[in-house]
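Note on naming: letters A, B, ... go to the chains in the order of the sequence lines (proteins, then strands), and numbering restarts at 1 for each one.
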2 protein chains.
Amino acid sequence: MTAGYDPYAFEPFAVTADLAVFTVRGGALHVLLIRRGQEPYAGAWALPGGFVLPRESAETAARRELAEETGLPDRLVAELHLEQLRTYSEPDRDPRMRVVSVAFTALVPDLPEPAAEGGGDAAHARWTALDEVSELAFDHAVILADAHERIGAKLEYTCLATGFCPPEFTLGELQSVYETVWDTTLDRPNFRRKVLATPGFVEAVPGAARLTGGRGKPAALYRPGPATTLHPPLLRPEGSSR
Amino acid sequence: MTAGYDPYAFEPFAVTADLAVFTVRGGALHVLLIRRGQEPYAGAWALPGGFVLPRESAETAARRELAEETGLPDRLVAELHLEQLRTYSEPDRDPRMRVVSVAFTALVPDLPEPAAEGGGDAAHARWTALDEVSELAFDHAVILADAHERIGAKLEYTCLATGFCPPEFTLGELQSVYETVWDTTLDRPNFRRKVLATPGFVEAVPGAARLTGGRGKPAALYRPGPATTLHPPLLRPEGSSR
DNA sequence: CCAAAAGTGTTGTGTGTACACCCATGT
DNA sequence: ACATGGGTGTACACACAACACTTTTGG
């Protein structure tokens with residue numbers, strides 16, 4: 001570091017934490033967006049996020065902003081696995097001042113009450129299908145694209161996919177998570193074997209079963225297991241898009 | 001973002017860019033460290049890096065600091081592939097003030113003149129074998145550990161390994177890069193086939209050959225190819241550590 | 001002639017894929 | 001009965017690991 005740097009010598013930097021929170025609803029990947037109330041970009045959609053406070057880490061700030069701006073349940077926000085995506089630091093990202101943004105991604109299950117109409121900013125939060133996202137404020141479209149690519153890659157070699165599922169889920173539900181994120185189809189028998197062959201990926205819930213599509217054989221239920229990485233990885237088919 | 005935020009209302013944040021630059025020398029992985037001249041941690045070793053200036057992106061700052069603090073050739077620094085590792089934002093990382101650090105990693109070939117004795121800070125830069133690194137300033141030991149893990153993983157599915165090699169290299173040299181970073185041994189015939197079977201990973205230099213260990217058959221030379229990712233990946237052996 | 005390093009060939013084991021088939025449930 | 005989704009079995013192709021073998025150089 002350079003000698004004699006004076007923290008007040010330059011225009012100060014602000015640091016924000018922004019989040020790309022994904023869920024799977026009805027076979028389509030959705031992202032959580034909020035409608036901006038103030039300038040700049042008033043009325044535009046943006047990723048949830050906000051300024052990191054003086055005594056916070058970026059991750060702590062991300063959790064706080066997520067709870068404040070969206071109606072997500074406290075417990076979910078507290079236990080959520082946040083993955084740091086990358087930091088965006090181009091000088092003119094924000095027209096007001098110099099803002100460096102640390103971006104995070106998270107996966108949540110499809111919630112019965114989408115982004116519940118809580119108090120404050122929460123009313124402006126909404127799940128939006130990825131292909132219905134149009135203009136976003138700032139460089140959030142770039143962040144969102146990076147996040148989408150990252151989670152697609154992460155599904156290949158981590159157990160994150162269970163994060164999209166409710167606490168107990170069927171293998172069919174888990175498979176549809178992969179198919180939705182990757183926009184492809186997978187062979188059911190082979191998917192099943194691969195998942196079950198990976199120790200600690202999922203654990204059977206003894207004796208439990210649930211009907212899924214109304215018809216058909218009731219499916220066995222599974223819980224997320226202790227494993228976090230996938231050996232061997234679950235590779236997505238190469239050229240195939242559905 | 002919260003309403004009515006005043007950029008000057010809080011103690012300002014500073015943003016730094018720090019680098020973990022690796023090379024392979026004599027069968028051991030080395031990292032570029034600089035000796036700190038000022039407090040805090042005066043006299044301690046640290047990763048090269050420094051403050052991001054008001055009109056710079058973090059990556060631009062990383063390149064500038066690398067050129068300033070080390071004797072690395074300008075051309076190398078300009079063309080170097082910088083990979084953003086992650087951002088470290090815990091409130092008390094730096095005892096002086098609130099500093100958020102964007103960390104980068106880079107791989108460079110073994111240089112004839114290690115960290116050349118240029119002017120200014122460059123004299124304090126040195127390559128250090130990873131297992132001889134003791135205490136580092138700030139949380140740089142954590143950053144270094146994260147960076148080491150990251151490059152190990154990156155070698156599996158990207159073509160970055162050629163970044164450790166001179167412009168023209170033998171397959172034996174490339175293999176020793178993998179063996180050094182992973183601290184393992186690989187089967188030469190199989191390594192060879194895998195590398196050559198991946199389109200665009202390396203290109204043969206027609207007719208060229210070079211002696212390596214003094215004895216033995218001269219090895220054919222290769223250049224880095226246009227590919228950036230490895231399909232299929234080059235997986236490191238599981239439990240094996242040499 | 002031997003040691004050392006590059007390069008080629010071969011073979012068995014395992015993994016992934018494709019697809020046929022059976023099971024249980026609602027209409 | 002039949003459609004729908006869950007679950008099992010199997011055969012083929014291919015990839016990879018292991019290791020034997022040839023080639024070319026220096027001492």
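- If you measure from atom CG of A/L196 to atom P of C/dT15, you get 16 Å, rounded to the nearest angstrom.
- A donor N or O paired with an acceptor N or O is found under 3.5 Å between the base of D/dG6 and the side-chain atoms of A/R188.
- Comparing B/G216 and A/G172 against DNA chain D, the residue whose closest nucleotide sits nearer the 5' end is A/G172.
- No N or O donor and acceptor, one from the side chain of A/R193 and one from the base of D/dG7, sit under 3.5 Å apart.
- Taking 4.5 Å as the limit, every side-chain heavy atom of B/L19 sits out of range of all side-chain heavy atoms of B/L32.
- Side-chain contact of A/Y88 with A/D18: a donor-acceptor pair under 3.5 Å is absent, judged by distance alone.
- Per the geometry, CZ belonging to A/F191 stands 14 Å off P belonging to C/dG16, to the nearest Å.
- Note on B/A220: only backbone sugar-phosphate atoms sit closer than 4.0 angstrom, heavy atoms only; bases stay farther off.
- Each of C/dT25, D/dT24, D/dG6 was ranked by its minimum atom distance to the side chain of B/K217; first place goes to D/dT24.
- Atom CZ in B/R215 sits about 22 Å away from atom P in D/dT23, given to the nearest Å.
- Taking atom CG on A/D187 and atom P on D/dT10, their separation rounds to 16 Å, with Å as the unit.
- Counting heavy atoms from C-beta outward, B/E59 and A/S89 have side chains that stay 4.5 Å or more apart.
- Nearest-nucleotide assignment on DNA chain D puts the 5′-proximal partner with A/Y222, out of B/P232 and A/Y222.
- Rounded to a whole Å, the CG atom of B/N190 is 15 Å from the P atom of C/dT10.
- Between A/P233 and B/L171, the one whose closest nucleotide on DNA chain C sits nearer the 5' end is B/L171.
- Residue B/R192 contributes atom CZ, which lies 13 Å from atom C1' of D/dT22 at whole-angstrom precision.
- At a threshold of 4.5 Å between non-hydrogen side-chain atoms, the residues A/F191 and A/L174 count as touching.
- The interatomic distance linking B/L186 (CG) with D/dC16 (P) rounds to 14 Å, in whole Å.
- In this structure, the side chains of A/L29 and A/V24 come closer than 4.5 Å at one or more pairs of heavy atoms.
- Between A/K194 atom NZ and D/dG7 atom C1' the separation is 18 Å, expressed in whole Å.
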